[in-house]
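Values reported hereafter were calculated over all heavy atoms of this structure, with side chains retained and with hydrogens, waters and symmetry mates removed. For clarity, every value in this text was computed on a predicted model and none was experimentally measured. FYI, the numbering just counts along the sequence from 1.
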Amino acid sequence: MCLFSTNIHFDYDGHYSKAGDDYEWIPTDVRLYAISFKTSSLEDIAYSLLKEKICRKMRIDPLTKKLNLGYIPLVVEPKRQSYILDDEDVLVYLTSVDREQRRSILHVEDIQELQIVQITEQLSRVGESSSSRNYSEREIGYGEEENVGTSLEHGEHPQN
């Protein structure tokens, strides 16, 4: 089995801004970071693995940070942001290159720090059974284990 090295350069922390018909990335950190994968195929680079490597590189806890991954494709006009939500989006990102075989810079939006509340504190505070949740926590996404450390629920757009 032959292993290939796939390098991804990324900007950490910033936001998208509309400039005329195009969108542009406005970084808050001037540094450019890089991660590398040694795999036999680009299909081996999963969404969860990509986020894990970014978190490790940035020394952040994936359970307390909400990150959105996106990029501006080099092959699309007008320039618009494209978000990476799953494994298929990762593969599209990795295989989308321009004529010179260049890939877009990956943009990592640091959305917010998640507040982890111990279940015992949560239950004593709201006086509920262990199978129910506080409505306000559900509304803002806290307490939903499948979404902790991920950027989006299925079908939700990052701008919503």
Side-chain angles (χ1 to χ4, degrees), residues 1-119 140-160:
M1 171 163 65
C2 186
L3 294 180
F4 299 97
S5 184
T6 302
N7 300 320
I8 298 175
H9 292 89
F10 67 94
D11 275 327
Y12 180 78
D13 205 17
H15 65 277
Y16 290 104
S17 178
K18 188 166 173 118
D21 289 339
D22 294 336
Y23 281 85
E24 62 183 353
W25 173 255
I26 310 296
T28 56
D29 186 347
V30 296
R31 292 173 285 190
L32 189 63
Y33 299 92
I35 53 177
S36 186
F37 295 88
K38 292 191 187 321
T39 61
S40 60
S41 167
L42 291 177
E43 293 169 341
D44 293 339
I45 303 173
Y47 177 75
S48 58
L49 181 60
L50 177 59
K51 285 186 80 170
E52 179 184 311
K53 274 215 168 199
I54 290 169
C55 288
R56 190 176 316 130
K57 178 77 172 198
M58 302 310 299
R59 294 186 176 118
I60 59 174
D61 183 354
L63 297 177
T64 61
K65 288 285 186 178
K66 183 175 180 181
L67 304 177
N68 281 341
L69 306 182
Y71 62 102
I72 296 176
L74 298 173
V75 295
V76 175
E77 291 292 332
K79 294 180 191 259
R80 299 182 315 195
Q81 74 270 33
S82 181
Y83 284 95
I84 298 174
L85 307 174
D86 56 24
D87 292 347
E88 184 178 23
D89 292 338
V90 172
L91 185 60
V92 169
Y93 167 72
L94 293 172
T95 58
S96 295
V97 295
D98 68 3
R99 291 182 195 154
E100 288 90 33
Q101 299 300 304
R102 294 179 299 183
R103 181 181 306 120
S104 299
I105 300 294
L106 182 65
H107 303 137
V108 180
E109 293 177 278
D110 185 346
I111 301 302
Q112 66 184 9
E113 190 154 331
L114 299 175
Q115 298 173 1
I116 305 300
V117 179
Q118 290 184 357
I119 292 175
I140 58 175
Y142 299 144
E144 297 182 276
E145 292 175 356
E146 69 254 9
N147 293 325
V148 174
T150 63
S151 62
L152 301 170
E153 293 182 28
H154 294 288
E156 180 183 350
H157 187 276
Q159 300 297 325
N160 294 342

Checklist entry - Taking Y71 for the side chain and I84 for the main chain, is one N or O donor matched with an acceptor at less than 3.5 Å? => result no

Checklist entry - Would you say the side chains of D89 and Y83 form a donor-acceptor pair under 3.5 Å? => result no

Checklist entry - What are the two closest heavy atoms between A46 and V90, and how far apart are they? => result C-CG2, 4.4 Å

Checklist entry - Which pair of non-hydrogen atoms, one from R80 and one from Y23, has the smallest distance, and what is that distance? => result CA-CD1, 4.0 Å

Checklist outcome for this item: Between I8 and R103 the two heavy atoms that sit nearest each other are CG1-NH1, 4.3 Å

Item to check | Non-hydrogen side-chain atoms of D11 and L106 separated by less than 4.5 Å | outcome: no

Checklist entry - Taking all atoms of both residues into account, what is the closest heavy-atom pair of T6 and L94, and its distance? => result CG2-CD2, 4.1 Å

Checklist entry - Looking at CD of E24 and NE2 of H15, how far apart are the two atoms once the value is rounded to the nearest 0.5 Å? => result 8.5 Å

Checklist entry - Does the D22 side chain pair with the main chain of K79, one donor and one acceptor, at a distance under 3.5 Å? => result yes

Checklist entry - Can you tell me how far the CZ atom of F10 sits from the CD1 atom of I54, to the nearest 0.5 Å? => result 5.5 Å

Checklist entry - In Å, rounded to the nearest 0.5 Å, how long is the span from CD1 of I111 to CG of D13? => result 8.5 Å

Item to check | Full working for side chain to side chain contact (heavy atoms under 4.5 Å, CB included) between I60 and Y12 | outcome: CA-CA 12 Å; I60 59 174; Y12 180 78; 3.7 Å; yes

Checklist outcome for this item: In terms of heavy-atom contacts, S104 and P73 come closest through OG-CA, 3.6 Å

Item to check | R59 CZ to K57 NZ distance, which is reported to the nearest 0.5 Å | outcome: 9.0 Å

Checklist entry - Going by the angle between their ring planes, with limits at 30° and 60°, are H107 and W25 parallel, tilted or perpendicular? => result parallel

Checklist entry - Given the rule in the side chain to side chain contact (heavy atoms under 4.5 Å, CB included) test, do Y93 and L69 qualify, once you have shown the distances and angles that lead to the verdict? => result CA-CA 10 Å; Y93 167 72; L69 306 182; over 6 Å; no

Exercise answer: donor-acceptor pairs, residues 35-43 side-chain atoms, under 3.5 Å, sequence neighbours excluded:
{"from": "S36", "atom 1": "OG", "to": "S5", "atom 2": "OG", "distance (Å)": "3.1"}
{"from": "S36", "atom 1": "OG", "to": "N7", "atom 2": "OD1", "distance (Å)": "2.8"}
{"from": "T39", "atom 1": "OG1", "to": "S41", "atom 2": "O", "distance (Å)": "3.0"}
{"from": "S40", "atom 1": "OG", "to": "D44", "atom 2": "OD2", "distance (Å)": "3.0"}
{"from": "S41", "atom 1": "OG", "to": "E43", "atom 2": "N", "distance (Å)": "3.1"}

Next on the checklist: With rounding to the nearest 0.5 angstrom, report the CG to CZ distance, D61 to R56.
Outcome noted: 13.0 Å

Next on the checklist: Testing the basics here: between D98 and V75, what is the closest heavy-atom pair and its distance to 0.1 Å?
Outcome noted: CA-CG1, 4.2 Å

